[in-house]
Asks: 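Before we start, here is the structure in question, set down as structure tokens.
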There are 2 protein chains.
Amino acid sequence: MPNEPSPPRRRGAVRTEALLQVTLDLAAEVGYAGLSIEAIARRAEVGKHTVYRRWPTKAALLLDALQRAWATDLDHRDTGDLRADLRERFLRSSSALTEPPIGPVYRAVIAEAQSDPAARATLHERFLRTVETSTLERVTRAQRAGELRADVDLTFAAEVLCGALYYRHLLTPRPVDEVAIDGLLDMFMAAYGSRSRTRRPDAVGG
Amino acid sequence: MPNEPSPPRRRGAVRTEALLQVTLDLAAEVGYAGLSIEAIARRAEVGKHTVYRRWPTKAALLLDALQRAWATDLDHRDTGDLRADLRERFLRSSSALTEPPIGPVYRAVIAEAQSDPAARATLHERFLRTVETSTLERVTRAQRAGELRADVDLTFAAEVLCGALYYRHLLTPRPVDEVAIDGLLDMFMAAYGSRSRTRRPDAVGG
DNA sequence: CCGTGATCAGCACGTATCGTGCCGTTCGGG
DNA sequence: CCCGAACGGCACGATACGTGCTGATCACGG
């Protein structure tokens, strides 16, 4: 009596993709708590070796899974209205971070990163820095368009914008909602907006 | 043959204090990775019950341990110079967060908080919110002294100041050094400083 | 001075995950 | 067609979790 015709055993890159998807599914269903390598292997009907062969660390696996879910999140529009663009950008990022599958996987990566400096560096390099850079590009365009003061380097400003939102999302019970984003943009525009401002370069230099 | 005169078995609050201290010591020596309840009980030469009787959760224990190490950190001066005061305050907080024992315990709490919403809320309520509030009080005094614009609510600004620093410390490989703090204060003063500014209330109100 | 009850240390248990080793099977390229 | 790489399944020792149980130890009231 032949077993049910077992699906052909997949290999290589296909397996890798499947494992990442299982990780995301599992994260969406049971949350960060259930994200063990054992559970992922069980769920994928796969030997643990098949996982360990591909990722040396749970952090590495989670980072790749996060990237898989991340892809859609970086095509932000440029309508010419800086404030509106940033607002939409931050709102969408907030939704992405809140909902599965990105939400749970993100929290798992944050947790891993606390005990693993290498994972922390990778997390920043591959994701947070990407967000900062994307934001910096947008505000730099605005600066060139005259919407922002021309006498400041906006690199740090971009970090503060992102950091304030990540702080609120990850470390406070407060929601990253329109109110929060508008407040943040108020602060940003008050500091760097160019319209009708009496600029005092010495107020920034030191 | 009598054993070495075993030290009298301590109880109650004294034991509690000792356990918190062991947690901090262990965190300083082996870092977050070694902070299991088993390891703490072993190190304290204590049965695991003695730990579980006091704290229902590892998160609860870590939060209390953090508070024990935290105490010294909240007496910030008010010299009348807002910018200098904030600078010193943030520099000291940065040092505290970087060095043992607060550093490792803090990271442990952050990690726990990612899988436990209750721990996350408590973390914010007992520590992060305290920092925000302390900062808010200082900038509000400055506002009343005329150093800052009178037409804005600084609550959110205080959160952004703290959030930017915590973001950098916890989620990036960048150091929270003088350069970062000065950059942040530049932004803050540019947004809310009152000196020689042509204020435009409508730029903030919406 | 003695007794009683709470607290304690030590040990054990069952469950879970980790990372690794081994075995026999299955797949795919040469 | 055949060989080696990839695979699923199982087992292992180690560690941590949270919870029992036992008998010793301490604090307090009588």
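Chain identifiers are assigned alphabetically (A, B, ...) following the order of the sequence lines, protein sequences preceding nucleic acid strands; residue numbering begins at 1 within each chain. This structure is a prediction, so every number in the text was calculated from the model and none was measured.
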Asks: Restricting to salt bridge (charged side-chain N to carboxylate O under 4.0 Å, His left out), what partner residues turn up for B:D85, sequence neighbours left out?
Replies: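 For B:D85 the salt bridge (charged side-chain N to carboxylate O under 4.0 Å, His left out) partners, ignoring immediate neighbours, are B:R138.
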Asks: Check side-chain hydrogen bond (donor to acceptor under 3.5 Å, both in side chains) between B:Q21 and all other residues, then give those that pass, not counting sequence neighbours.
Replies: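 Once residues adjacent in sequence are excluded, the partners of B:Q21 under the side-chain hydrogen bond (donor to acceptor under 3.5 Å, both in side chains) criterion are B:D25, B:R68.
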Asks: Output the rounded distance in Å from NZ (B:K58) to C1' (D:dT15).
Replies: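 Rounded to whole Å, this separation is 12 Å.
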Asks: If you check every side-chain atom of B:R15, which of C:dC18, C:dA9, C:dA12 has the closest atom?
Replies: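 Closest nucleotide to the B:R15 side chain: C:dA9.
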Asks: Angle, rounded to 10°, between the helical axes spanning five pairs at each terminus of the helix from C:dC1-D:dG30 to C:dG30-D:dC1?
Replies: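 The end-segment axes of the helix from C:dC1-D:dG30 to C:dG30-D:dC1 are tilted 10° relative to each other.
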Asks: How would you list all residue pairs meeting side-chain hydrogen bond (donor to acceptor under 3.5 Å, both in side chains) that involve residues 30-45 of chain B, not counting sequence neighbours?
Replies: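 Only B:E29-B:R43, B:E38-B:K48 qualify under side-chain hydrogen bond (donor to acceptor under 3.5 Å, both in side chains).
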Asks: Quick one: CG on B:L154 to OG1 on B:T135, what's the gap to the nearest 0.5 Å?
Replies: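 Reported to 0.5 Å precision, the distance equals 11.5 Å.
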Asks: Between side-chain atoms of residues 97-109 of chain A and protein atoms elsewhere (two or more places apart, or another chain), which donor-acceptor pairs fall under 3.5 Å?
Replies:
from, atom 1, to, atom 2, distance (Å)
A:T98, OG1, A:S94, O, 2.7
A:R107, NH1, B:Q114, OE1, 2.7
A:R107, NH2, A:H169, O, 3.4

Asks: Nearest whole angstrom, please: distance from the P of D:dG18 to the NZ of B:K48.
Replies: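 Checked: the NZ to P distance equals 9 Å.
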Asks: Can you tell me the distance, in whole Å, between the CG atom of A:L61 and the P atom of C:dG19?
Replies: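 To the nearest whole Å, that distance equals 11 Å.
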Asks: Nearest of D:dG8, D:dA16, C:dA9 to any side-chain atom of B:V46?
Replies: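 Selected nucleotide: C:dA9.
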Asks: Which pairs with one or both residues in residues 154-173 of chain B pass salt bridge (Lys or Arg N to Asp or Glu O under 4.0 Å), sequence neighbours excluded?
Replies: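 For residues 154-173 of chain B: A:E159-B:R168, A:R168-B:E159, A:R174-B:E159.
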Asks: Please indicate yes or no: is the ring centre of A:H49 less than 5.5 Å from the centre of the six-membered base ring of C:dT20, with the two planes inclined by under 30 degrees?
Replies: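 Yes, the aromatic ring of A:H49 stacks with the base.
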Asks: Only counting residues at least two apart or in another chain, list the ones meeting ring-ring contact (aromatic ring centres under 6.0 Å, His included) with A:F156.
Replies: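 If we apply the ring-ring contact (aromatic ring centres under 6.0 Å, His included) test to A:F156, skipping adjacent residues, there are no hits.
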Asks: Salt bridge (charged side-chain N to carboxylate O under 4.0 Å, His left out) with B:E178: which residues, sequence neighbours excluded?
Replies: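 With neighbours one apart ignored, the set is empty.
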Asks: Side chain of A:R42, heavy atoms from C-beta onward: which of C:dT17, D:dT19, D:dA16 has the nearest atom to it?
Replies: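 Selected nucleotide: C:dT17.
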Asks: May I have the distance from A:R43 (atom CZ) to C:dT17 (atom P), rounded to whole angstrom?
Replies: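 A:R43 atom CZ is separated from C:dT17 atom P by 14 Å.
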Asks: Would you say a side-chain N or O of B:T50 is under 4.0 Å from OP1 or OP2 of C:dA9?
Replies: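 For B:T50, the contact criterion (side-chain N or O under 4.0 Å from OP1 or OP2 of C:dA9) is met.
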Asks: Please report, rounded to the nearest Å, how far the P atom of C:dT17 is from the OH atom of A:Y52.
Replies: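 Whole-Å distance recorded here is 11 Å.
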Asks: Please tell me which of the listed nucleotides, D:dA16, D:dA6, D:dG8, lies nearest to the side chain of A:R53?
Replies: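 It is D:dA6.
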Asks: Mind running a 4.0 Å heavy-atom check of residues 29-40 of chain A against DNA chain C and sending the residues that fall below it, in number order?
Replies: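 Of all residues in residues 29-40 of chain A, the ones placing a heavy atom under 4.0 Å from DNA chain C are A:S36, A:I37, A:E38.
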Asks: How about A:E147 and A:Y192: do any of their side-chain heavy atoms sit closer than 4.5 Å?
Replies: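 In short, these two side chains do not touch, never coming nearer than 4.5 Å.
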Asks: What is the distance from CZ of A:R54 to P of D:dA6, rounded to the nearest Å?
Replies: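 The distance from CZ of A:R54 to P of D:dA6 comes to 9 Å, rounded to the nearest Å.
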